[in-house]
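Beneath this line is the structure, given in structure tokens, with notes to follow.
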Amino acid sequence: MKTAGMSDAVLPLTKKQKAISNVVMGVLFLAAGVIIVLASVGVIPGGAVVAAPTVLFAFGLSVLFSAVVAKNALSMWFAGVVLACGATSLVEMVSPATYGNLFPIYIAAPGVGCVFAIVFAEAKMPQIKGIVFFGVLAGIFSLASSGLCGWGLTGGLLAAFAGVAVLFFAVEGYLRRDKTEDA
């Protein structure tokens, strides 16, 4: 049974693919360590704040590389989520925006993961649904985080969106029922 548009079978990496993936991961984490050390001694500005985006990007890129080598949709999804979180930390570090403004990106992160996963996913529609669902959800939260509207209106929009999502999935589930089912 296929779930979430992912393939049932994940082919194991060959010995060469594992070695290359491990070397890339090692190099990325070595580079991350050097960047963090240089930041902590003041050579690179940012101090300890550099650690979160550096580690997230090193880990996300290593998973992404491995996922591309293995053509694995689930690993691609995970890499997209981690890289979205790393990008959020980086933007917070280099811009005047705060996590209070940027938190909708964390809400959108599973949708970003679906964007990455769609490349290798056998079924594209579940990925598209994830992109739309988490994109709309993040968009609603961004109304409050940007100051365009208050939490009262945001809460009402979230409740309405929840209702639309539940109705959509209820109707879709009914229409997609097993062909042997009579009701």
* Asked: In Å, rounded to the nearest 0.5 Å, how long is the span from CZ of F57 to SG of C85?
  -> 10.0 Å

* **Working for side-chain contact (heavy atoms from CB on, under 4.5 Å), residues V43 and V37** => CA-CA 9 Å; V43 174; V37 167; over 6 Å; no

* Side-chain contact test, heavy atoms from C-beta onward, threshold under 4.5 Å: evaluate it for M25 versus S66 and give yes or no. => no

* Mind listing the closest non-hydrogen atom pair of S62 and L28 along with its distance? => N-CD1, 3.5 Å

Output a table of donor-acceptor pairs, distance under 3.5 Å, between side-chain atoms of residues 98-111 and any protein atom two or more places apart or on a different chain; print 'none' if there are none.
from	atom 1	to	atom 2	distance (Å)
T98	OG1	G100	N	3.3
T98	OG1	N101	OD1	3.0
Y99	OH	S89	OG	3.2
N101	OD1	T98	N	3.1
N101	ND2	S145	O	3.2

* **Single-linkage hydrophobic cluster L153~I140, side-chain heavy atoms < 4.5 angstrom** => yes

* Asked: Once you round to the nearest 0.5 Å, how far does CZ of F29 lie from CG of L61?
  -> 10.0 Å

* S95: partners by side chain to side chain donor-acceptor pair (under 3.5 Å), with sequence neighbours left out -> none

* Short question: side chain of K71, backbone of F120 - any donor-acceptor pair under 3.5 Å? -> no

* Decide whether I35 and L38 are clustered together by the hydrophobic rule: side chain heavy atoms of Ile, Leu, Val, Met, Phe, Trp, Tyr closer than 4.5 Å, transitively. => yes

* Asked: Roughly how far, to the nearest 0.5 Å, is SG of C114 from NZ of K124?
  -> 12.0 Å

* **Minimum heavy-atom distance A117-M76, with the two atoms named** => CA-CB, 3.9 Å

* Can you tell if the side chain of I118 reaches within under 4.5 Å of the side chain of I128, non-hydrogen atoms only? -> yes

* Are L175 and F168 connected in the hydrophobic side-chain network, where two residues link if heavy atoms are under 4.5 Å apart? -> no

* Heavy-atom distance under 4.5 Å between the side chains of F169 and Y174, does that happen here? -> no

* Structure fact -> On a heavy-atom basis, the closest approach of A79 and V63 is CB-CG1, 3.9 Å

* **same_hphob_cluster(W77, V115) at 4.5 Å side-chain heavy-atom cutoff** => no

* **Cluster overlap I44 with V94, hydrophobic side-chain contacts below 4.5 Å** => yes

* **Contact check, side chains of T54 and L90, non-hydrogen atoms, under 4.5 Å** => no

* Shortest non-hydrogen separation from P45 to V50 and the atoms involved -> O-CG2, 3.7 Å

* Check: L143 and L157 side chains under 4.5 Å, non-hydrogen atoms -> yes

* Asked: How many angstroms lie between CG in L64 and CZ in F59, if you round to the nearest 0.5 Å?
  -> 11.5 Å

* To do: Output yes when a side-chain donor or acceptor of S21 lies under 3.5 Å from a complementary backbone atom of K18, and no otherwise.
  => no

* Asked: Hey, are the side chains of L83 and F116 touching, using non-hydrogen atoms and a 4.5 Å cut-off?
  -> yes

* Asked: So, do L137 and L158 sit near enough that their side-chain heavy atoms are less than 4.5 Å apart?
  -> yes

* Structure fact -> For F161, the ring-ring contact (aromatic ring centres under 6.0 Å, His included) test, sequence neighbours excluded, returns F133

* **Flag if over 12 foreign heavy atoms under 6.0 Å of CZ, F78** => no

